[in-house]
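Below, all heavy atoms of this structure are taken into account, side chains as well, without hydrogens, waters or symmetry copies. What you are looking at is a predicted structure, and each value in this text was computed from that prediction instead of being measured.
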Amino acid sequence: RAMDSRMVFVLLWMLLLSTSTGIKLDGNGYVDVVIAISSKVPQDNRLIDKIKEMVTEGSLYLYHALDEKVYFKEATILVPPQWNGTNFTKARTEMLLIPILCKMQGEYIHFTPEYLLNDTLTELYGSRGKIFVHEWAHLRWGVFDECNGEKPFYHSNGGIEATRCSKNIKVEFYEVTAGGSLQQCSIDPQTSLPTKGCMFFLDRNQITNSSIMFLPSLNAVTTFCHENEHNYEAPNMQNKKCEKATWTVIFEDSVDKDALRSLKPLQSPPPPPSFKVVQRKQRVVCLILDVSGSMAGSRILQQQQAATHFLRNIIENQARVGIVQFSTEASTLSRLTTISSDTTRENLIKLLPKVAGGWTNMCLGLSQGLQDNGDALGDEIIFLTDGQATDNIAVCVPSAIQSGAIIHTLAFSNSAARELTEMANKTGGQFLSPNDKTTSNQLMDAFASLTLSTGDYIKEPVQLESVGARTSDWFNGTVSVDQTVGNKTSFVIIYETSFPSVYIQSPSGSVYTQTNMSHDVSQKTVTLKIPGTAEHGDWKYSIQAKILQALTLTVTSQATQADVPPIIVKTHMNQQFSDGTKPMIVFAEVSQSYRPVINAEVWATLESETGSIHILQLLDNGAGADAFQNDGIYSRYFTKMVNGRSSLKVRVKNQDGQTKFAALYVPGCVLNVQLSPPKPPIFEEPLDVGNFTRTDTGESFMVKLSGQAPSNFPPNRITDLSAEIQEDTVLLNWTAPGEDLDQGTAKSYEIRWSFDLKMLRFNFSNGHEVNTTAVSPQKAGSVEQHSFNLNITIQNGTTLFFAVQSEDKQKAKSETSNIAQASKILPGPKPQGISNPGMNLTVLVISLCVVTVVLCFIVVVVVCAVKRRKRSAKSDMALIITNEGQNNLYA
């Protein structure tokens, strides 16, 4: 069934751009906050006013929450291109809305226009400003929710406690009957905890000021949980991932830690934030191409092939494109031309440079391109070069940055000027360093990655496959065209020397041969364009080389239906520079309209400029570098760093038919002021996706090792340790770490336990040691399940705490794991019910919200962040309003 497109979202992005273009503190005020409304949202100017109100209100909450030190000073609202208005100014880098995902701090939030426009919803979800601060804390500082929808209760000191922070919040436990009355909770005999129907209630007017990460909707809550009141026992994500109070993380570990500690409190309440409303009407791109002598031979040909692919298959209709070439001199090959038809595209392709020679005067090329664009504010430059500048590029880089253009730089060799990185970073562009090895197909991938998303993926090309080989025989494979794509599908084959035989077979058995394809002899390219909509299913290609040569295949497609977004993959590194002292992390998000795609097979290829190749399988298992299991974000540590630039490419495919859409969820607690909860959410089982393939190219990154080799990294910290007591036996479960973080196999485990959580947390070596001589660590990512006898009699009502450290062959130890607790509670009397079911107290029902995307609206969707003790990369944030279909494609 086609996906329903009635749902509308507001989405808060965290963009991983450079620190100069990202969110930063200007004095006590946050600036460069970008709030963007997706192009799929119908025009409603009230949204602009409501966004302003939310940020303004949130600014005061933020000011009070952090000792009157910080507030929101400036924000930019980016409206869709099709909205009409005379008071919208031209957008600059605010239009760079690429959803790059970073678990180091955060990813994105969805707010619906329904939530922004319907004031009655604040009674249920609380003040918009305070909710905004709650989500800001996730994204900016990497803290987590302090409640737990899966474990709302736990044992403590022989009793039952609600998962919360702080414990100063007083609660009572009851079930709500079908008639709306209260009754005592039932106890599950297996867990000795309340059953699923049990809720906890509190007085909304009680005196407590924390915590925003537990209940931002409680009137009295105005700050974050401090160390002296932090509930270390609560089985929530904040304890699991951070093991410390949210206040401590913000002031000691976050990206703003230095500023927050040094800033003086403001003498008076801050002024309201200032806003500007901007708009991007039309995409403008200028290709500035190097034709100097060092580009002669295969490089000028690869540039022509990749630029042709960009003009024919990547750049969208109605965009304006110009072409400039430079060497000793610079010249304009085409002034800005509107892409209005295939004929326009082919005419531009004919103008691409084919001959190389002369010096590399980069400043002349930049100057010519910016001059041709006129007012370059918000326009894009794609600047490709393969060498060091003959002139002094440092002289012209500042003026290029000040032009307001977004400059993407492609360093097509390991000798390309280092200023290219700075120019991309400081203008919000992408820096890519493709190598010139034909089989890598990296220049084709680089051009294909240069899209400028408005949040409407329906109109954007999707790369299904990019693969190469050197062979004198057959080059075979399969590309899956799934049901989310099929329009404008093209197969592009590039050969190095001799025209090969090409056969492409559709899922129904139809075979396309050279007679169905176009052959460009000068570019050594064979292209098959599938008319109409390509058949869904597996397409098989067989390419026969008569002599030993390099062959590559690139397959792109677009969405088939206007209300069915395609499955996409977006990849990036957690940082663009490393000195080797800290590990890097590879991320890839696989999703359809922000809905996670789980159980996919995801592989990352990291290739250095010297030819060193490292292949990693990325995992979505909630262990090691991965924050959450089954959130569609696949991660892995990268430790095999070598000096110089490296490229990143990710390939995704179905894993033996196991890939599924996961249900989006709303983490956290939501208050319901009605005694009878609203209509319960509709739950969905994960649905099959079907076969699919995808590739994506991330920004290049630089490594400059401080020593001769990368540091020896210890095993990663275990974050999913769990414990259970059966009689006098303890069962422990965790995901195995590796020899180096989450790779390889650790040498040994050290397990300790205590009756005192804090003692184990702060003095691990003082805990009672568990005999682990019979335990041999398994390969990283494996599930470890072990039972132990502690040689003590565990009495009823006893709670024990457990922690693990891992050690590698160099005797480097991991950080202490999360603290797991287990209680031995024998069944006893049920909790006493209330004496007056019709009580007069105003109570709040805390609803544990797990909401799927088929609801009539989702008010907030937060993808939380992994807290890291030391952060080296700052992030960028934008709030985006999107209008996405949310019924499942396959139903």
Side-chain angles (χ1 to χ4, degrees), residues 285-315 321-334 345-362 364-366 368-369 380-390 407-417 420 423-424 429-450 466 468 492-497 520-527 550 552 554 556 609 645 647 697 700:
V285 180
C286 182
L287 303 179
I288 303 179
L289 306 176
D290 187 348
V291 293
S292 62
S294 57
M295 286 288 293
S298 64
R299 288 181 180 173
I300 191 74
L301 177 59
Q302 288 185 54
Q303 177 177 263
Q304 188 182 3
Q305 292 164 342
T308 295
H309 180 54
F310 178 79
L311 293 171
R312 186 176 285 156
N313 301 311
I314 304 301
I315 189 71
V321 179
I323 305 173
V324 169
Q325 66 177 7
F326 71 93
S327 57
T328 305
E329 303 291 338
S331 60
T332 300
L333 301 179
S334 173
R345 296 175 185 271
E346 296 304 319
N347 287 338
L348 286 169
I349 290 169
K350 292 175 184 177
L351 296 174
L352 290 171
K354 304 173 180 63
V355 179
W359 302 107
T360 310
N361 287 323
M362 296 186 186
L364 287 179
L366 274 172
Q368 185 73 27
E380 291 173 84
I381 300 291
I382 298 177
F383 187 85
L384 185 150
T385 182
D386 77 332
Q388 291 288 338
T390 304
I407 304 177
H408 309 292
T409 54
L410 280 66
F412 195 29
S413 78
N414 56 12
S415 62
L420 299 179
M423 200 155 47
Q430 295 187 61
F431 169 70
L432 298 155
S433 59
N435 65 41
D436 57 2
K437 187 172 68 175
T438 305
T439 54
S440 73
N441 214 30
Q442 285 187 11
L443 192 60
M444 289 280 285
D445 295 337
F447 270 91
S449 70
L450 296 176
S466 171
V492 179
I493 298 99
I494 294 175
Y495 59 91
E496 185 179 29
T497 308
D520 188 325
V521 178
S522 64
Q523 288 200 26
K524 298 182 180 179
T525 303
V526 182
T527 303
T552 67
T554 305
T556 57
E609 61 189 19
R645 295 169 174 150
S647 62
T697 298
S700 299

Can you tell me how far CD of Gln325 sits from CG of Asp290, rounded to the nearest 0.5 angstrom?
-> 10.0 Å
Please list, chain by chain and in numerical order, all residues satisfying side-chain contact (heavy atoms from CB on, under 4.5 Å) with Ala446, sequence neighbours excluded.
-> Leu410, Leu432, Pro434
What's the spacing between Phe412 CZ and Asn435 CG if we round to 0.5 Å?
-> 7.5 Å
Should Leu301 and Lys524 count as side-chain neighbours, where that means a heavy-atom distance under 4.5 Å?
-> yes
If we only count heavy atoms from C-beta on, is the Ile349 to Gln523 side-chain gap below 4.5 Å?
-> yes
Within the side chain of Thr360, is there an N or O that forms a donor-acceptor pair under 3.5 Å with the backbone of Thr390?
-> no
Taking only residues two or more places apart in sequence, or in another chain, which ones meet Phe447 in a ring-ring contact (aromatic ring centres under 6.0 Å, His included)?
-> Phe310
Look up atom NZ in Lys354 and atom CD in Gln304, then write down how far apart they are to the nearest 0.5 Å.
-> 5.5 Å
Candidate pair Val492 and Met444, rule side chain to side chain contact (heavy atoms under 4.5 Å, CB included), full reasoning | CA-CA 10 Å; Val492 179; Met444 289 280 285; 4.2 Å; yes
Which heavy-atom pair separates Tyr495 from Val526 by the least distance, and what is that distance?
-> CE2-CG2, 4.2 Å
With a 3.5 Å cut-off and no angle check, do the side chains of Ser433 and Ser700 form a donor-acceptor pair?
-> yes
Any sub-3.5 Å donor-acceptor pair from Gln302's side-chain atoms to Thr438's backbone N or O?
-> no
Between atom CD1 of Ile381 and atom CE of Met423, what is the distance when rounded to the nearest 0.5 Å?
-> 9.5 Å
Closest non-hydrogen atoms of Ser292 and Ala356, given as atom of the first, atom of the second and distance, are O-CB, 3.3 Å
Leu333 and its side-chain contact (heavy atoms from CB on, under 4.5 Å) partner, picked from Leu348, Leu289, Ile323 = Ile323
Compare all side-chain heavy atoms of Leu311 with those of Leu352 and state whether any distance is below 4.5 angstrom.
-> yes
Give a yes-or-no answer on whether the side chains of Asn313 and Thr556 include a donor-acceptor pair shorter than 3.5 Å.
-> no
Is the closest side-chain heavy-atom distance between Gln303 and Pro353 below 4.5 Å?
-> yes
With sequence neighbours excluded, residues passing side chain to side chain donor-acceptor pair (under 3.5 Å) with Thr527 | none
Within a reach of under 6.0 Å around CD of Glu329, are more than 12 heavy atoms found that belong to other residues, nucleotides or ligands?
-> no
Quick one: does Arg345's side chain have a donor or acceptor within less than 3.5 Å of a partner on Ile315's backbone?
-> yes
Look up atom CD1 in Ile494 and atom OG1 in Thr552, then write down how far apart they are to the nearest 0.5 Å.
-> 4.0 Å
Within-4.5 Å side-chain heavy-atom neighbours: Ile300 and Val355 | no
Do we see a donor-acceptor contact under 3.5 Å between the side chains of Gln368 and Thr332?
-> yes
Is the side chain of His408 donor-acceptor paired with the backbone N or O of Ile382 at a distance under 3.5 Å, no angle test?
-> no
Qualifying residues under side chain to side chain donor-acceptor pair (under 3.5 Å), relative to Ser327, sequence neighbours excluded = none
Pairwise salt bridge (Lys or Arg N to Asp or Glu O under 4.0 Å) hits with a residue in residues 292-306, at least two apart = Arg299-Asp386, Arg299-Asp436
How far does OG1 of Thr554 sit from CG of Asp445, to the nearest 0.5 angstrom?
-> 6.5 Å
For Thr409 and Leu420 the tightest heavy-atom approach is OG1-O, 2.9 Å
For Phe431 and Arg645, the nearest pair of non-hydrogen atoms, with its separation, is CZ-NE, 3.4 Å
Partners passing side chain to side chain donor-acceptor pair (under 3.5 Å) against Ser334 (at least two apart in sequence or in another chain) | Thr337
I would like to know whether Gln430 and Leu450 meet side chain to side chain contact (heavy atoms under 4.5 Å, CB included); could you show each step before the answer?
-> CA-CA 8 Å; Gln430 295 187 61; Leu450 296 176; 3.9 Å; yes
